[in-house]
Amino acid sequence: MNLNLYIIFSIVSFLASLVGAVCGIGGGVLIKPVLDAFGVLDVASISFLSGCTVLSMSCYSVVRAKTNGSSLVDKKRGTPLAVGAALGGVAGKMMFQYISGMTENKNLVGAVQSACLFLITLGTFLYTIKKDKIKTCEISGIPICIAVGMTLGILSSFLGIGGGPINLVVLFFFFSMDTKTAAQNSLYIILFSQIASLINTLVTRTVPTFDIMLLVLMVSVGILGGAAGRVANRHMDEKTVSRLFMGLMVMIMLISVRNMVRFM
């Protein structure tokens, strides 16, 4: 990789982490498809790098909010969701490894990931447009919270996106959270699922090949992006955050379609 690519990866990671911290989507939902589009690394390496970057950003955001007393995490529901996400993170990583091992054509795996991401984002986009007219729920039982968290963990880990828009829609619909509360709870869930996914990768010795300096760089700018995102979030109202969220979903869908075409 040349210097220009290091700069591009850094910019993508920083901006994605910034808007990820603002909206609660983790950043990986942008990092993964955008870096896939450059085609300089295989999908497994990008998934791993994206996951580590999201982990660093979400860890910073959650710990920082907790230490300065601004945390909006609902522990009674957020913790079972996070535990479920951790279990789902392991299952999602195993699914990715299994499907990846079924074929020597790694582009096929990338195409499947891109197609799934497009469909999930499209569904999220349509829900967000109509959410003011949709009656939401108030789920509180621990077993069902764990089950919901597992589903989110599986999707985020398999797709290598950390969390993404689906987290927010689930928190909107099943738990009636407002945008900013959902954003913080989403990052809390993402943190647990990414820790579990990383541990599974290390234990099973399935860490892909990559430049270690690239990992250090992406993790570092991920933390910086998370810090900048927290500052930006404090100066934005609910409506502005929602508009940014909608714009990001459109961007994600367009990039996913481009990646599907490239991989096929």
* Asked: With a 4.5 Å heavy-atom cut-off, do R258 and S114 have their side chains touching?
  -> no

* Would you say the side chains of S197 and N200 form a donor-acceptor pair under 3.5 Å? -> no

* To do: Indicate the atoms forming the closest heavy-atom contact of G229 with V22, along with that distance.
  => O-CG2, 3.4 Å

* To do: Kindly give the heavy-atom pair with the smallest separation between F175 and V170, and that separation in Å.
  => CD1-O, 3.8 Å

* Asked: Going through the checks in order, is the side chain to side chain contact (heavy atoms under 4.5 Å, CB included) test met by L30 and V19?
  -> CA-CA 9 Å; L30 286 171; V19 296; 3.4 Å; yes

* With a 4.5 Å heavy-atom cut-off, do F174 and E138 have their side chains touching? -> no

* Quick check: are there more than 12 heavy atoms from other residues, nucleotides or ligands sitting under 6.0 Å from CD1 of I142? -> no

* Asked: Hey, is the main chain of P33 close enough, under 3.5 Å, to the side chain of N259 for a donor-acceptor pair?
  -> yes

* Asked: Closest approach of G222 and T53, non-hydrogen atoms and distance?
  -> CA-CG2, 3.9 Å

* Can you tell me if T240 uses its side chain to pair, donor with acceptor, with the backbone of M236 under 3.5 Å? -> no

* Asked: K75 versus Y188: any side-chain heavy-atom pair under 4.5 Å?
  -> yes

* For residues M218 and S10, determine if any side-chain heavy atom of one lies less than 4.5 Å from a side-chain heavy atom of the other. => no

* Asked: Is it the case that one hydrophobic cluster holds both V216 and L202, taking links as side-chain heavy atoms less than 4.5 Å apart, direct or via other members?
  -> no

* Asked: Where is the tightest heavy-atom contact between C145 and I139, given as atom of each residue plus distance?
  -> SG-CG2, 4.3 Å

* Counting heavy atoms not belonging to K131, are there more than 12 under 6.0 Å from its NZ? -> yes

* Asked: Got a sec, which residues hit side chain to side chain contact (heavy atoms under 4.5 Å, CB included) with V83, two or more places apart in sequence or on another chain?
  -> T79

* Shared hydrophobic cluster, L198 / V90 (ILVMFWY, side-chain heavy atoms < 4.5 Å) -> no

* Structure fact -> Smallest heavy-atom separation, Y60 atom then A227 atom, equals CE2-CA, 3.3 Å

* If you measure from CG on L72 to CE on M177, what distance do you get to the nearest 0.5 Å? -> 10.0 Å

* To do: Please check if the side chain of N185 supplies one atom and the backbone of T181 the other of a donor-acceptor pair under 3.5 Å.
  => yes

* Asked: Could you go step by step and tell me if C137 and F173 meet the side chain to side chain contact (heavy atoms under 4.5 Å, CB included) rule?
  -> CA-CA 6 Å; C137 307; F173 179 74; 4.0 Å; yes

* Going through the checks in order, is the side chain to side chain contact (heavy atoms under 4.5 Å, CB included) test met by I195 and L191? -> CA-CA 6 Å; I195 288 174; L191 174 61; 3.9 Å; yes

* Asked: Near I144 CD1, under 6.0 Å, is it more than 12 heavy atoms from other residues, nucleotides or ligands?
  -> no

* **Test item: S193 and L152 side chains (from C-beta on) under 4.5 Å apart, heavy atoms** => no

* **Donor-acceptor contact present, side-chain S70 to main-chain K66, <3.5 Å** => no

* With the 4.5 Å side-chain cut-off for hydrophobic clustering, are V241 and F125 part of the same group? -> yes

* **Check: S13 side chain, F9 main-chain N or O, donor-acceptor pair, under 3.5 Å** => yes

* Asked: Do the non-hydrogen side-chain atoms of I129 and M246 ever get within less than 4.5 Å of each other?
  -> yes

* Between OH on residue Y127 and CG on residue L168, distance to nearest 0.5 Å -> 11.0 Å

* Between CZ on residue F14 and CD1 on residue I223, distance to nearest 0.5 Å -> 12.5 Å

* Would you please test L81 and L171 for side chain to side chain contact (heavy atoms under 4.5 Å, CB included) and show each step? => CA-CA 10 Å; L81 279 166; L171 294 174; 3.9 Å; yes

* **Residue pair I212 / L215, side-chain heavy-atom distance below 4.5 Å** => yes

* To do: Could you grab the distance from atom CG of L35 to atom CG of L214, nearest 0.5 Å is fine?
  => 8.5 Å

* To do: Could you tell me whether the side chain of Q184 reaches within less than 4.5 Å of the side chain of S71, counting heavy atoms only?
  => yes

* Asked: Hey, any chance V63 and V54 share a hydrophobic cluster, counting ILVMFWY side chains that come within less than 4.5 Å of each other, even indirectly?
  -> no

* Is there a donor-acceptor contact under 3.5 Å from the side chain of R230 to the main chain of G225? -> no

* To do: Kindly compute the distance separating OG1 (T124) from CE (M253), expressed to the nearest 0.5 Å.
  => 9.0 Å

* hydrophobic_cluster_shared for I146 and L155, side chain cutoff 4.5 Å -> no

* Pairs meeting criterion ring pair (Phe, Tyr, Trp, His ring centres under 6.0 Å) with involvement of residues 133-152, two or more places apart -> none

* To do: Anything under 30° is parallel, anything over 60° is perpendicular, the rest tilted; go ahead and classify F245 against F172.
  => perpendicular

* **Donor-acceptor under 3.5 Å (S186 side chain, N167 main chain)** => no

* About how many Å separate OG of S61 and CD1 of I190, when rounded to the nearest 0.5 Å? -> 9.5 Å

* To do: Of all the heavy-atom pairs spanning R77 and D74, show the shortest one and how long it is.
  => NE-OD2, 2.7 Å

